[in-house]
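What follows is a set of notes on a single structure, which appears directly below.
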Amino acid sequence: MGLVGLLLGSAACGGGSEDGNGDAEAGAVSEAVEAGDPVEGGSITVGLEAETNSWMPHEGTFNQPGLNVAYAIYDPLMQRSADGEVRPYLAESLEPNEDLTEWTLTLRPDVTFHDGTPLNAEALKTIFDTYLKGTGSRLAAQLAQVTSLDVVDDLTVVYKLAETNAAFPDLLVGASGWPFSPTAAAAAGPDAGANPVGTGPFTFVSWQRDSRLVVEKNANYWQEGKPYLDEIVFRPIPDEDTRLASLQSGDIDVMQSLRQSTVIRARDLEGVNNFEHLGSNSGGLTLNTSRAPFDDIRVRQALVHAVDQEALIEVLGGSGVTPPQTQFWSPDSAWYSEKVAESYPAYDLEKAQELYDDYVNDPERSDGKPVGTPLSFMFQCPPDPSLNELSQLYQALWQALGAQVELQATEQAAWIQDMLARDYDTGCTRVGADRDPYLVFDDAFTDGPLNMTAFQSPEIDEQLEILRTTTEVDARKAAVEEIGLILNENVPNAFSGGTLTVLATKEAIRNLDGWTFPDDTEGNGANASTAMWGHVWRVE
């Protein structure tokens, strides 16, 4: 294992991907789908749960739907292998200096963007300086530590960091590590987000917002023999029932879902293979701590103690499939802590009522309302039927305390924007990721655009410093545990159960989870309902 793997291999994914129609319990592994020999040609249609606002890496909101499109158009400089190691993919190598403040990246030779622009060191520098670190970039905050990207030679650059960062390679797995043509971006100007040009296995053809995005085979792809498909059509289909029915009818060939009830129903479809994954991403509750009354710890604790997580899981259709969640990491993650699990606020109506009453009857309450005035706030969630039921359950649980809770169904893209702007009270979300814990917690709980709860803590900052500066596994685990304890005490987030994800496919679709690195190292499969589409083929 290389140095990058030694640093980050312990951040391995949670449950592995599954093939075929699995058993009902979480983590069950079913009989593998035999991929057979690769087949050239054909078109597939992929149904996604949401649209993305822009396809430029520094502009887009790349959750699971966006990632699926991105992995068709872009290649990540780094990717994660089956054992959790972060390894070079589009890059040829990434090596640090002794104190982990400089990371030297070497590109593969003779790679070009879809418009013919060479992928070289100067292109990376232009992308970094002009776009990734530019005004309005959503990646600027996470790249703030990188003081410069310096060109060494035609294929080599050095990322210079202001301070040690053991987790830096993981950044290049995400959008910060998806090179795009600076020539095409400059020519398109403000329309670049609707005309993406990467190095990936497929080239962009067209995009009708909220309808379909079409890509076609990159005939000049740098990985010989790939891609196998001629075309992929990505369709956002927000309604879970409609997406499932579209798969069943053959209107689409692949369906993505992160809803437990849909995952279970997909298992019963004839002629469908289900590639499932249960990792550290969890359904959750987010509370805007920058807005009264959620700026008061008593309110946050009261609302979380009033929540019956098993009831939430049942409403979401995950009973017996989805385990309860107590922290940002699943039980099979290297970062999971039993101590943190024991500290999670238990379902305790008496405790919840005591905390609620203490705040409501406080003359100095933060919302400035008269003593005894009930809490009044809005709960937002995307308009999926199972999420509507989830919202109604939250509402009922909190109204039992005396709170007045208004429900608002907000389309997912708009809800993400509200959370990014911190223009909300509370609502449902997803938390956690199978990434290095420094990146997960630094994004979520420091002063940056992805801190949607607005919660910050000097104690968390101290532990982040440990995660940033050391590669010693026990020290990093202790820091992760301490952050988990702080979060369970302050509850800016709570949980509604682990997220079982699926890419459900018609039987003709093959090798969805069988992608490999250029050196044939096994990749991490259909992790979190995403696929590396250049490795996929169909047999009819």
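In this text the structure is predicted, and so the values were computed from the model without any measurement.
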Any salt bridge between [X] and [Y], counting N to O under 4.0 Å?
| X | Y | result |
| --- | --- | --- |
| Glu240 | Arg243 | yes |
| Lys506 | Asp253 | no |
| Arg80 | Asp434 | no |
| Glu40 | Lys217 | yes |
| Asp241 | Arg265 | yes |
| Arg267 | Glu276 | yes |

Hey, mind stepping through Thr156 and Asp153 against side-chain hydrogen bond (donor to acceptor under 3.5 Å, both in side chains) and telling me if it holds?
CA-CA 5 Å; Thr156 310; Asp153 59 38; 2.8 Å; yes

Do [X] and [Y] have their ring centres less than 6.0 Å from each other?
| X | Y | result |
| --- | --- | --- |
| Phe328 | Phe441 | yes |
| Trp207 | Trp55 | yes |
| Phe180 | Phe113 | no |

Do [X] and [Y] get their side chains close enough for a donor-acceptor pair, meaning under 3.5 Å?
| X | Y | answer |
| --- | --- | --- |
| Ser81 | Glu522 | no |
| Ser280 | Tyr336 | no |
| Asp519 | Thr521 | yes |
| Asn511 | His535 | no |
| Thr106 | Glu92 | no |

Under a 4.5 Å cut-off applied to non-hydrogen side-chain atoms, are [X] and [Y] in contact?
| X | Y | result |
| --- | --- | --- |
| Pro227 | Ile232 | no |
| Leu450 | Leu420 | yes |
| Ile237 | Glu49 | no |
| Thr203 | Val215 | no |
| Leu77 | Pro179 | yes |

Please identify each residue that fulfils ring-ring contact (aromatic ring centres under 6.0 Å, His included) with Phe495, with sequence neighbours left out.
Tyr344

Suppose the criterion is salt bridge (Lys or Arg N to Asp or Glu O under 4.0 Å): which pairs have a residue in residues 182-197, not counting sequence neighbours?
none

Nearest 0.5 Å, please: how far is CD in Glu411 from CG in Asp418?
12.0 Å

Pair up each side-chain donor or acceptor in residues 56-64 with any protein partner under 3.5 Å, not counting sequence neighbours, and list the distances.
| from | atom 1 | to | atom 2 | distance (Å) |
| --- | --- | --- | --- | --- |
| Glu59 | OE1 | Ser54 | OG | 2.7 |
| Thr61 | OG1 | Asn53 | OD1 | 3.2 |

